Participant: 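Supplied in structure tokens, the structure appears directly below.
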Protein chains: 4
Amino acid sequence: MKVGVLTGGGDCPGLNAVIRAIVRKGVQEYGYEFTGFRDGWRGPLEGDTVRLDIPAVRGILPRGGTILGSSRTNPLQQEHGIRRIKENLAKLDVEALVVIGGEDTLGVATRLADEYGVPCVGVPKTIDNDLSATDYTFGFDTAVGIATEAIDRLHTTAESHMRVLVVEVMGRHAGWIALHSGLAGGANVILVPEQRFDVEQVCAWVTSRFRASYAPIVVVAEGAMPRDGDMVLKDESLDSYGHVRLSGVGEWLAKQIEKRTGKEARTTVLGHVQRGGTPSAFDRWLATRFGLHAIDCVRDGDFGKMVALRGTDIVRVPIADATVRLKTVDPRLYEEVGVFFG
Amino acid sequence: MKVGVLTGGGDCPGLNAVIRAIVRKGVQEYGYEFTGFRDGWRGPLEGDTVRLDIPAVRGILPRGGTILGSSRTNPLQQEHGIRRIKENLAKLDVEALVVIGGEDTLGVATRLADEYGVPCVGVPKTIDNDLSATDYTFGFDTAVGIATEAIDRLHTTAESHMRVLVVEVMGRHAGWIALHSGLAGGANVILVPEQRFDVEQVCAWVTSRFRASYAPIVVVAEGAMPRDGDMVLKDESLDSYGHVRLSGVGEWLAKQIEKRTGKEARTTVLGHVQRGGTPSAFDRWLATRFGLHAIDCVRDGDFGKMVALRGTDIVRVPIADATVRLKTVDPRLYEEVGVFFG
Amino acid sequence: MKVGVLTGGGDCPGLNAVIRAIVRKGVQEYGYEFTGFRDGWRGPLEGDTVRLDIPAVRGILPRGGTILGSSRTNPLQQEHGIRRIKENLAKLDVEALVVIGGEDTLGVATRLADEYGVPCVGVPKTIDNDLSATDYTFGFDTAVGIATEAIDRLHTTAESHMRVLVVEVMGRHAGWIALHSGLAGGANVILVPEQRFDVEQVCAWVTSRFRASYAPIVVVAEGAMPRDGDMVLKDESLDSYGHVRLSGVGEWLAKQIEKRTGKEARTTVLGHVQRGGTPSAFDRWLATRFGLHAIDCVRDGDFGKMVALRGTDIVRVPIADATVRLKTVDPRLYEEVGVFFG
Amino acid sequence: MKVGVLTGGGDCPGLNAVIRAIVRKGVQEYGYEFTGFRDGWRGPLEGDTVRLDIPAVRGILPRGGTILGSSRTNPLQQEHGIRRIKENLAKLDVEALVVIGGEDTLGVATRLADEYGVPCVGVPKTIDNDLSATDYTFGFDTAVGIATEAIDRLHTTAESHMRVLVVEVMGRHAGWIALHSGLAGGANVILVPEQRFDVEQVCAWVTSRFRASYAPIVVVAEGAMPRDGDMVLKDESLDSYGHVRLSGVGEWLAKQIEKRTGKEARTTVLGHVQRGGTPSAFDRWLATRFGLHAIDCVRDGDFGKMVALRGTDIVRVPIADATVRLKTVDPRLYEEVGVFFG
């Protein structure tokens, strides 16, 4: 049996660990052959393949990125996209597909499986940890670790100059990275996309922190927005997902804080550093187990399913479940963490 | 209301994060006062206390160790131990106790609560992750991260000299650190206390790895034992918990591998480095949430309970549940990981 | 004898190591007392002091920032600034001053020493490594290490998406951080303030890298400028020194590359993360030795001098020598490194 | 022209950076071809070669170890060893040899050059930093960084339990790693092979540290020896260079401290972890510059020379100079650092 593998969407530490686990177990235990597709859906769409056997996956476990490459190509937006994929899979004798990706990439897999009968198994991937149906996604722990280390470093420079430091982290629609790294880094304010923030409240926290003779760190998710809509659109730039954004909330907020509190404020935008490099041990463990269970789904003929983490177990859920609802920060959790603000 | 806090047993990254969360929430939200007890149960036994207020917990989140100190003092083995504790708590007006510790420390808390009516709340702590009733304990992720980084480093020295490298990690009764760091580090053999190992099988894996032109890494938990009881007791030394051990399995195994395969083998014993230093972001998150929920137990008068992680939720379980059964590595999980051996 | 200590200018990993060494040796070996001045020259100007004895310097070696605080206050720009400093020193019985700082801070020390006879010893500090008369300054190695780790991480995200990644690092007038981190991180283009760059040449290197099937990393110092003056001033922002800058060269360059090569390009501005946090072992060593030798200068009555590194030796040079000429990147060194471009 | 390259002796972070620089500059600027020899002198002795061109050196800069492999094979101890090397070089048309190694490896190069007219250029390599004629060798900074990070971690575990922690680091004949990491890590005692130590003095420092309510860290080089020769030989084991040693000084010292002070003491032997893994930015910079200058020696026909660091310059010295005298720790430097003991 020949199995295809592809990775789609933004890169994420742990992708190579998934690929390695799939191939090691598939070849050694089930005698499968593998075809790697290059650059997400572009691979099967254009029949662009990579050799994928045990030598090809040696040494890739600690490496960030993906040996298969990635892209945001969406075959649903291409003429006869799905048909071309079916034809290419047939030509290459690929009988099943393991699709590693986020909402968009898995959405295509659902269509392929449901409407065209292509046997797909999904592996969830989002650095933002915002996919339902799984406790965590790989890459998230690495990103949180990098952001926390940066916040640790920024504390000393804030204290030395008694300045406010605003740290902008990833998170367009969900504030998980901000919440975890902000808590772990001892931030004094954490702002998430799930709740519009009140600039006055932020300034009150900042001021109270200075009164205790400490310099405040404000962690803000890229997608966080002020409550009153008074955000001035400043400049077109690209966020760390590679999409156009209208303004950087971090820089905007630093200016507001300076204006309203009279204290110096500086911004650091962590950007792509959060998604590159070697995965944390946690992410290597999670990604490897996802890979091992994904190839078991193939062996069991259990298609249309996605692997997911529940507690310490890997379970199988319908792919569609992953994308049905964005997993955002629970207001009660945000409130719980609020005891450290100010 | 005055609440006592103590940390017992071996130190563990994250202890300070727990203490800080308890004090921040207790003071700010519930208006409690706190008394820190020094060096585990020795503190209440001898009435040895430390100031514990908001200034005392500033800046401790990223610091390893425990500001309260720790010890293995067991009041149950002291004459009138429990009575002296009761008297000292009364003298100090301490009405409730938050006990942060492992099996032994929490065992005393259970006795105090059950037999003498001292209101206790437990926070589980074991670097080995071997407490039932919680998915993970804090400190474990940090230890796994340190061990994984060491294994990453050892790969290159193994390859350059085509030697076997045996890495001995913590884990007297449970192989969690070996399993997670071995998998994350791409080890070729992982040996855990839960399953006696066969030296011949280990040598077969080692030899097969060399045949593929790679140098093998063998990760072995301190408590792992060979199947056939042919382990030669060599020398008294102290393991990384501070207990006497009869022999280092790592060095013994390296000699066996040299003798049986003819390949050079070296041992690295990671030791105390695994339990010191700044906690990982994951452990800071977990430890902080444990602290926040422990003080909520006090507020709710929900004594005799211990906080625990289930999935992404913090729940409350009877303290006794934690210690009733050691959480060891499930044989199926060990088998799952075995696909990477050899 | 009572000795004053102050730290001026931007913060820099290693400042605390200098302070600790001065105090440890001064108290233990020479029986001195110390007065810490708060926030650079603001301290002696306003008579604002901090206790500075052995307990005060315990545990500060691995901590970034400065326990004395820092500022850019310049007494030469204040009415009777120097006279007020003299009066305050006299009032506090401070007989000598150890001044830790960069060009501006040391410039004041020179004036104080030369014109007003205040006995000063200097310790050079600049994260940019651009002070003459010393091989290296502390803080630089830490900054290079942080930038290199970031570049390592960005390689994988560049490769996965076949994008150009532009990394903007510190360096307004000198390109040392760009040169060292760019070389160590395996960058494909390195741009420094010392040599105006040709955008077309940069694009040629970028294109040649893609032809070899690799994604390019471009490291650019904050102060680098294009050759032909076609840089479009875009937006006022603050650079990582806290000064206003007219435009971010990193973002500007990424846009130029996209326009001219048709390849996707992203920018990461490392910012303040480069100057915070725990110093590297090299910087702790260098800073400590600077401190030990600075207090020896005081003991020897060798004022008006600054400590400096020459090879592996610490030597004494006139303070004025440090500031007479900016140490910029030698064109031959830049050319040597150019073999890795493209 | 065809140039041979080999790496001999123990591995060392930065070896791959040297190889990459030699090949990049040799091919691109001088049009040379390269032959890699496998496993040190074993390669030319047996004619065992590896392809060495630009694709072969891609991506190796951040990787520890050596892509050429290493060994301690000494052709001077083999029958007709040198003659066989000459014949193999001739057969392969190799006209010059770049030899990267320590005392032993470079010693062979000297003989080859002097007595048999084989044109050799040397690149010094020793993780211990004990080669004369160069300020630093690559790999040393990485080893010091790893040891310092371990000491940082051990402080917290020492403090929590008020125990002595003895850390044994590399350094058979020279105490550079102990001195630098001990100073950078804030150790309270540092013991080096250059000066026999007095156990009573060590215990006095340990006791004085406890009196100040801190737990002491003792850093001891593998090769350090007690003054009075009362060291009990305990057990044969292998040190981190792979040589047999008669006893571990770290464990021996911990036992002595326990016996004489009554305080608990634990030992950590850092071992091979110190020499593996990714090189620090400093070592990548140094190793790369060594490689660039070594190939310039070949181009200039400047044989019998070795590259060396002097301040910030790379210079050329006779290979024989490197090995004529071991560079040990200057007693005055050791005394300078002694202010931090106790």
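Being a predicted model, the structure only gives us computed values, none of them experimental. Within every chain, numbering begins at 1; the chains are lettered A, B, ... in the order of the sequence lines, protein sequences first and strands thereafter.
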Participant: At a heavy-atom distance under 4.5 Å, which candidate from B:Gly10, B:Gly69, B:Ser70 has the highest pair count against chain D?
Facilitator: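 If we count pairs closer than 4.5 Å to chain D, B:Ser70 comes out on top.
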Participant: Checking B:Leu270 against chain D: side chain, backbone, both or neither under 4.5 Å from a heavy atom?
Facilitator: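 For B:Leu270, backbone and side chain are both near chain D.
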Participant: What residue, out of B:Leu68, B:Ile151, B:Ile146, B:Val167, has the most heavy-atom pairs lying under 4.5 Å from chain D?
Facilitator: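 Answer, by heavy-atom pair count under 4.5 Å with chain D: B:Ile146.
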Participant: Between D:Thr157 and B:Asp11, do the side chains contain an N or O donor and an N or O acceptor separated by less than 3.5 Å?
Facilitator: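 Judged by distance alone, the side chains do pair up.
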Participant: Of all of B:Ala158, B:Gly64, B:Cys12, which one pairs up most often with chain D through heavy atoms under 4.5 Å apart?
Facilitator: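 Answer, by heavy-atom pair count under 4.5 Å with chain D: B:Gly64.
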Participant: Between D:Gln274 and D:Ala143 (side chain of the first, backbone of the second, donor and acceptor by atom type, cut-off under 3.5 Å), is there such a pair?
Facilitator: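 Checking the backbone N and O of D:Ala143 against the side chain of D:Gln274, no donor-acceptor pair under 3.5 Å is found.
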Participant: Answer yes or no: is there a donor N or O on one side and an acceptor on the other, between the side chain of B:Glu264 and the main chain of B:Arg163, under 3.5 Å?
Facilitator: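 Absent.
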Participant: Establish, from distance only, whether the side-chain atoms of D:Ser71 and D:Arg38 form a donor-acceptor pair under 3.5 Å.
Facilitator: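 Not at all, the side chains of D:Ser71 and D:Arg38 share no donor-acceptor pair under 3.5 Å.
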Participant: Which bit of B:Thr268 is near chain D, if near means a heavy-atom gap under 4.5 Å: side chain, backbone, both or neither?
Facilitator: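 Answer is side chain: those atoms of B:Thr268 sit under 4.5 Å from chain D.
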Participant: So, B:Arg42 and B:Asp48, do they make that salt bridge, N to O below 4.0 Å?
Facilitator: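 Counted as a salt bridge, because a side-chain N and a carboxylate O are separated by less than 4.0 Å.
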